[in-house]
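Since we're looking at a predicted model, the values are computed, not measured. The analysis underlying the following values was restricted to heavy atoms, covering all of them including side chains, and did not include hydrogens, waters or symmetry mates.
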Amino acid sequence: MKSLVSQAVALTISSAFAAGAISAHAATPAAAAAATARADNAWLSEADAMARSARVSNVAYVLDFKLTGGESFSATTTLNFDLSDASQALTVDLDQATISALTVNGKAVTPKYNKWFITLAAEDLRQGRNTVTVAYERKHSTNGEGLHRMVDPADGRVYTYSHFEPAAAHQMFALFDQPDLKATYQLSVTAPADWQVVSMTRENAVQDVDGAKRWTFPVSKKLSAYNFSLHAGPYKVWEDKTGAKYPMRLLARQSLAAQVQPEIWFRYTAQGLKFFDEYFGIPYQFDKYDQILVPDFLYGAMENAGAVTFGEARFVHKDEMTAAQRESLASVIMHEMAHQWFGDLVTMKWWNGLWLNESFASFMGTLATAEATEFKNGWQSFYSRGKVGAYEHDQRVTTHPIEVPVPSTANAFDNIDAITYAKGASTLKQLRHLLSQEVFRKGVHNYLAKYSWQNAKLDDFIGSLGEAAGRDLGPWTQQWLYQPGVNTITASYTCKGGKLQEFSLQQSAPAAYPVLREQRVQVGLFVKRGGQLKLERQQGVTYKGASTAVPAWPAKPARTWSIRTMRIGALPR
């Protein structure tokens, strides 16, 4: 999903990591919530979400917005959905709006609305297909969520953009605001005549309407609400002219246009799309690739399908970009691009899966940066900028497992930190080394192919990798993903006659988190020459438990040796 501002540079990640777990996350059964009313507050609980998705399916939204540049906007949302059980009320999420009309299956009804969600009475619903239309007005958000509005202090122009993660789409339109109710979106927008309007699809018509313009867009592919996007304002637009496989555009405020270097953006974007097409074995699915630099952004970037947003603060530079700034840009472009497959095409079922989205995009973003751009040191950059910080986080009293329960949308971002990004991604890199690069890639491809346009859980992802590897990854998952903390690994050996007699790896864990883990590492034998250590030989070793024997090597006199256990990402290539 998003790239956190504090961690945008840390999206280049690497290496093995010791991690672990509390007991496995267990979703609250949908039936437990079905008989109780939803809590009268701004948050959606997992129990209520699962109860709703057990009844609702085949969702399609028709959205019509009128934007003027003023503090408020007006809109009409039409929800079409199948309902398996019409015996109980159903809630529709909509935040802080003024509703002017509500129609349920052709009948005008008086809204039962608490400013957070609308409650549709059972007697107005029916089993099978339902249509609900909500006409309303709402103020633009100014907190970076919903449909955010900003007045440019440089020239007074107004810019708007949407941001919905983790659950803020209901700050813009009426919907079922949970990731496992994927839907199609048919969008129309009336906006000032000098505005550009961007969404997930490219517009199919722009018409003059009473001094404004009306933009219409084709029906989108099936997406979770947080992947929807709408960006509208007098943005400067650059279009790639290189004839790349996918159409690419870059947008920014007019007052910042001179500070943007579009050719660099297009170069990395084209490199990334080619890399991911080949790696995943599934072509990019969203027809065009827009990237929008937006003001007041809460995070580094956000992976809206086909229209990725970037915070100006990190990616607009008055001077030519330095190598470090270009590397940061490339890594974030790759991170958000990886989400187009892992997150947008296949999406988590609930917010406890947010870490996997971010960890995978961080891992793949670094891999693409290192292999598809000039920044071949991407893994080293990650280690110094991200992974070290994750080690520190994981040894504090505030540490937590990688996979944690998320009771409600209020808790979705409780544990978004270096453990979520850097440790999670390091764990995936370690798993790739354990299984082999090709087996890991095959498992990822199979996962994306099997669950395309669907929602999936951690077990689905791990199951795809395990099937490709021909092994049960359940124990590995429990060790690495459901336990916090780090392990210590040391080399133990004896020598005789200048040769190794016995050699083993010893693993220990802190008393607070005593789990011992399986990991594949490289053991290196270094010889000191001219005051420097030189790698003499290396051997891959998979260790488990407290002690793992390693076949001894014949070698030079012991006084010249330095034996080190090297984690993946630290090895010379």
Side-chain angles (χ1 to χ4, degrees), residues 61-79 93-103 111 113 115 118 133-164 168-175 185-218 220 225 228-237 249 251-257 290 292-298 304 307 309 312:
Y61 298 112
V62 178
L63 307 174
D64 193 340
F65 294 93
K66 184 175 182 180
L67 310 179
T68 64
E71 292 185 355
S72 298
F73 64 91
S74 58
T76 300
T77 299
T78 299
L79 303 85
D93 306 308
L94 179 63
D95 180 78
Q96 303 302 316
T98 300
I99 298 175
S100 58
L102 174 64
T103 303
Y113 179 49
K115 293 297 184 181
I118 303 164
T133 300
V134 188
Y136 60 95
E137 185 173 319
R138 191 192 191 279
K139 283 191 174 182
H140 283 278
S141 301
T142 56
N143 62 352
E145 296 181 340
L147 186 58
H148 181 87
R149 174 181 179 269
M150 181 264 197
V151 180
D152 191 338
D155 57 18
R157 291 173 171 171
V158 173
Y159 293 87
T160 68
Y161 62 86
S162 64
H163 179 76
F164 293 162
H170 63 295
Q171 294 185 32
M172 182 174 166
F173 60 94
L175 77 160
Y185 304 82
Q186 186 171 7
L187 175 66
S188 299
V189 180
T190 302
D194 63 338
W195 280 23
Q196 180 76 32
V197 180
V198 175
S199 188
M200 303 165 291
T201 57
R202 187 69 68 88
E203 69 277 0
N204 53 13
V206 182
Q207 298 175 312
D208 293 324
V209 179
D210 298 328
K213 288 187 182 294
R214 183 169 176 79
W215 299 65
T216 58
F217 297 80
S220 75
F228 172 91
S229 67
L230 172 61
H231 318 284
Y235 287 96
K236 167 70 175 177
V237 181
R249 295 187 301 183
L251 295 88
R253 278 192 286 155
Q254 297 284 348
S255 61
L256 297 179
D290 292 334
I292 306 99
L293 284 155
V294 299
D296 302 335
F297 202 53
L298 292 171
N304 313 305
T309 41
E312 292 173 347

How many angstroms lie between atom OG of Ser188 and atom CH2 of Trp215, to the nearest 0.5 angstrom? 12.5 Å
Heavy-atom closest pair (Gly70 atom, His140 atom, distance to 0.1 Å) is O-CD2, 3.2 Å
Check Phe297, Tyr161, Tyr235 against Ile292 for a side-chain contact (heavy atoms from CB on, under 4.5 Å) and give me the one that passes. Tyr235
List the atom of Pro192, the atom of Leu67, and the distance in Å for their closest heavy-atom pair. CD-O, 3.3 Å
Would you call Gln96 and Gln171 a side-chain contact if the rule is heavy atoms closer than 4.5 Å? no
Please round to the nearest 0.5 Å and tell me the distance separating atom CZ of Phe164 and atom CD of Glu145. 10.5 Å
Measure the shortest side-chain to side-chain distance between Asp152 and Gln254 over non-hydrogen atoms and say whether it is less than 4.5 angstrom. no
Got a sec, which residues hit side chain to side chain donor-acceptor pair (under 3.5 Å) with Asp208, two or more places apart in sequence or on another chain? Lys213
Does some side-chain heavy atom of Leu256 sit less than 4.5 Å from a side-chain heavy atom of Leu293? no
Heavy-atom distance under 4.5 Å between the side chains of Leu94 and Ile99, does that happen here? yes
Indicate yes or no: at least one non-hydrogen side-chain atom of Asp95 is less than 4.5 angstrom from one of Arg138. yes
Is it the case that more than 12 heavy atoms not belonging to Glu137 sit under 6.0 Å from its CD atom? yes
Please check if the side chain of Ser162 supplies one atom and the backbone of Leu230 the other of a donor-acceptor pair under 3.5 Å. yes
Any heavy-atom pair between the side chains of Asn304 and Thr309 that's under 4.5 Å? yes
Taking the side chain as C-beta and beyond, is there a heavy-atom pair between Val294 and His163 under 4.5 Å? no
Thr77 OG1 to Asp64 CG distance, which is reported to the nearest 0.5 Å: 9.0 Å
Would you please classify the geometry between the Phe228 ring and the Tyr185 ring as parallel, tilted or perpendicular, with 30° and 60° separating the classes? tilted
What are the two closest heavy atoms between Ala212 and Ala191, and how far apart are they? CB-O, 3.2 Å
At what distance, to the nearest 0.5 angstrom, does CD of Gln186 lie from OG1 of Thr201? 9.5 Å
Would Arg214 and Thr190 count as a side-chain hydrogen bond (donor to acceptor under 3.5 Å, both in side chains) if you check the C-alpha gap in whole Å, the side-chain angles of each, and the deciding distance to 0.1 Å? CA-CA 4 Å; Arg214 183 169 176 79; Thr190 302; 3.1 Å; yes
What heavy-atom pair brings Ala154 and Ser255 nearest, and what distance separates the two atoms? CB-CB, 3.8 Å
So, the side chain of Arg149 versus the backbone of Thr142: is there a donor-acceptor pair under 3.5 Å, distance only? no
Exercise: identify the closest heavy-atom pair between Ile118 and Tyr113: CG1-CD1, 3.7 Å
If you measure from NZ on Lys66 to OG1 on Thr76, what distance do you get to the nearest 0.5 Å? 11.0 Å
Phe73 vs Phe65 aromatic rings, parallel, tilted or perpendicular, using cut-offs 30° and 60°? tilted
Heavy-atom distance under 4.5 Å between the side chains of Leu147 and His231, does that happen here? no
Minimum-distance pair of heavy atoms, taken over all atoms of His148 and Asn143: ND1-N, 3.8 Å
d(Gln207 CD, Thr216 OG1) to nearest 0.5 Å is 6.5 Å
When you look at CG of Asn204, are more than 12 heavy atoms from neighbouring residues, nucleotides or ligands closer to it than 6.0 Å? yes
